[in-house]
Protein chains: 2
Amino acid sequence: MNVESEEPRRQRLTRAEAKARTRALLLDAAARVFARKGFTGASVEEIAESAGFSIGALYSNFSGKEALFLELLSDRGRDRVAQAAKALHDVGTEEAVAELGRLLVDVADNDTDFASLQAEFWLYAVRNPHVLETVAATTREPRQALEGVMRTALAQRGAPGDVSPQAVATVVGALWQGLVRLRRIDPDSVPEELFGQALGWLFTGINASDTPTPADTD
Amino acid sequence: MNVESEEPRRQRLTRAEAKARTRALLLDAAARVFARKGFTGASVEEIAESAGFSIGALYSNFSGKEALFLELLSDRGRDRVAQAAKALHDVGTEEAVAELGRLLVDVADNDTDFASLQAEFWLYAVRNPHVLETVAATTREPRQALEGVMRTALAQRGAPGDVSPQAVATVVGALWQGLVRLRRIDPDSVPEELFGQALGWLFTGINASDTPTPADTD
DNA sequence: GTCTATATCAAGATAGAC
DNA sequence: GTCTATCTTGATATAGAC
């Protein structure tokens, strides 16, 4: 009967740890199911069972479906892109551009749930004003990380000083998202090199332009 | 029996015309409700009543919820962008770029349902393999129209001959989609001029680069 | 802390009236 | 051709057992 007092060697968990582990497993499952079925289409029952628990366990850890979804937004929102952008910070410019290209293909092809979840978050935001700002904030985080990369990239390439790294980061981020989504449903139209090629055009154009206005005939 | 042979003066509708009108009204309502609630979140009851009809009328015109959704995809999928791109075909290059910029802001700010519907279609496609190709096809149509615009734009700007109009059209389209979505949840990060500015960089860079695109023989 | 059982409700779809 | 009434299912959330 003294099960709990046994030696905690071999990964025996305290109650708090067990609960935290359950929470984490539920969040993982939620990410999968929400991505595959959508917010409304996903049932809490499927999420719970997919994590290996029952509905009761889910409601013991989260107040409901929406709370679980929003928790997921906080946890996963910043993850991938911010992390990648930070990793690129240390890398030289030319390699960074190539690396970004590879990252695009990798995410689009392998982490298929990622783009779906992003789309779900976006839709939830435009439909629920009370979380719009929260979702907007999670998109700003990775974009700011990217802005850092762009700042050094522009400097190293000797771009005109009046070019806004923020604008470039926004453009690169938007292009990335657009291409990932398109590649997902029409891979042939987005070959592996396209993103890198586009970045090449972009940076060349930025360098060549002395003013940020497009009405500048060369 | 001779109902159909009555004079159609004074907007009296034949049975076929009445049915067609009902169908059209249901499709309009469906576009609204699907955009606002999502495919799963939207109820056929709300769609029917939003169009001013009952559930029965809906099922008399469409075999079910999915059929209605897919019908919408065929009707609205090509609409906006293809139409716009074709209009741009006649316009000179410089004006076309500026016009595209204005179009972005207009769509993002005014036709709010458009982007939501697009996102719904995309999600439905990645989740339902049997319609993936259909959705992909509807994205190809406007992209091909855009490709025509890009071809003349590149020629007028004297771009290297080995630059693929198809690649440029894909990039411009993806960037457009990405920026529209971002502006929807974070307008400050996508100022009105950003799209035009990005296009300027892009075309300048294309002109300056002699680097060949991967040989693309259509 | 987690599970089982259940109350409550809303949705998709159908059948027959008009 | 459209409407009303209804069948059936599956969902969220809760309450009490272990």
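In what follows, chains carry the letters A, B, and so on, assigned in the order in which the sequence lines appear, proteins first and then strands, with residues in each chain numbered from 1.
Here Trp201(B) contributes atom CH2 and Ile206(B) contributes atom CD1; the two are 14.5 Å apart, rounded to the nearest 0.5 Å.
Rounded to a whole Å, the CG atom of Asn61(A) is 13 Å from the C1' atom of dC3(C). As rounded to whole Å, 13 Å separates atom C1' of dC3(D) from atom CG of Leu58(B). To the nearest angstrom, P of dA13(D) lies 11 Å from CG of Leu68(A). In this structure, the CZ atom of Arg21(B) is 13 Å from the C1' atom of dT2(D), given to the nearest Å. Between the CD atom of Glu49(A) and the P atom of dT12(D) there is a distance of 12 Å, given to the nearest Å. With rounding to whole Å, Phe53(A) atom CZ is found 12 Å from dC3(C) atom C1'.
No side-chain heavy atom of Asp106(A) sits less than 4.5 Å from a side-chain heavy atom of Arg102(A). Residues Phe121(B) and Thr138(B) are not in side-chain contact: their nearest non-hydrogen atoms beyond the backbone lie 4.5 Å or more apart. By the 4.5 Å heavy-atom criterion applied to side chains, Asn61(B) and Phe53(B) are not counted as neighbours. Leu72(B) is listed as a side-chain neighbour of Leu117(B), based on a closest heavy-atom distance under 4.5 Å.
The phosphate of dG1(C) has neither OP1 nor OP2 within less than 4.0 Å of any side-chain N or O from Thr22(A).
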key: Leu202(B)/Val172(B) under side-chain contact (heavy atoms from CB on, under 4.5 Å): CA gap, chis, key distance, verdict   = CA-CA 9 Å; Leu202(B) 207 60; Val172(B) 171; 4.0 Å; yes
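From one end of the helix from dG1(C)-dC18(D) to dC18(C)-dG1(D) to the other, with five pairs defining each end axis, the axis direction shifts by 10° (rounded to 10°).
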query = For every nucleotide of nucleotides 4-18 of chain C, 5' to 3': is a protein heavy atom under 4.0 Å from its base (B), only from its sugar-phosphate (S), or from neither (-)?
reply = B------SSBB----
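By the ring-ring contact (aromatic ring centres under 6.0 Å, His included) test, Tyr124(A) pairs with Phe39(A), Phe69(A), sequence neighbours left out.
Using a 4.0 Å cut-off between a side-chain N of Lys or Arg and a carboxylate O of Asp or Glu, Arg151(B) and Glu147(B) qualify as a salt bridge.
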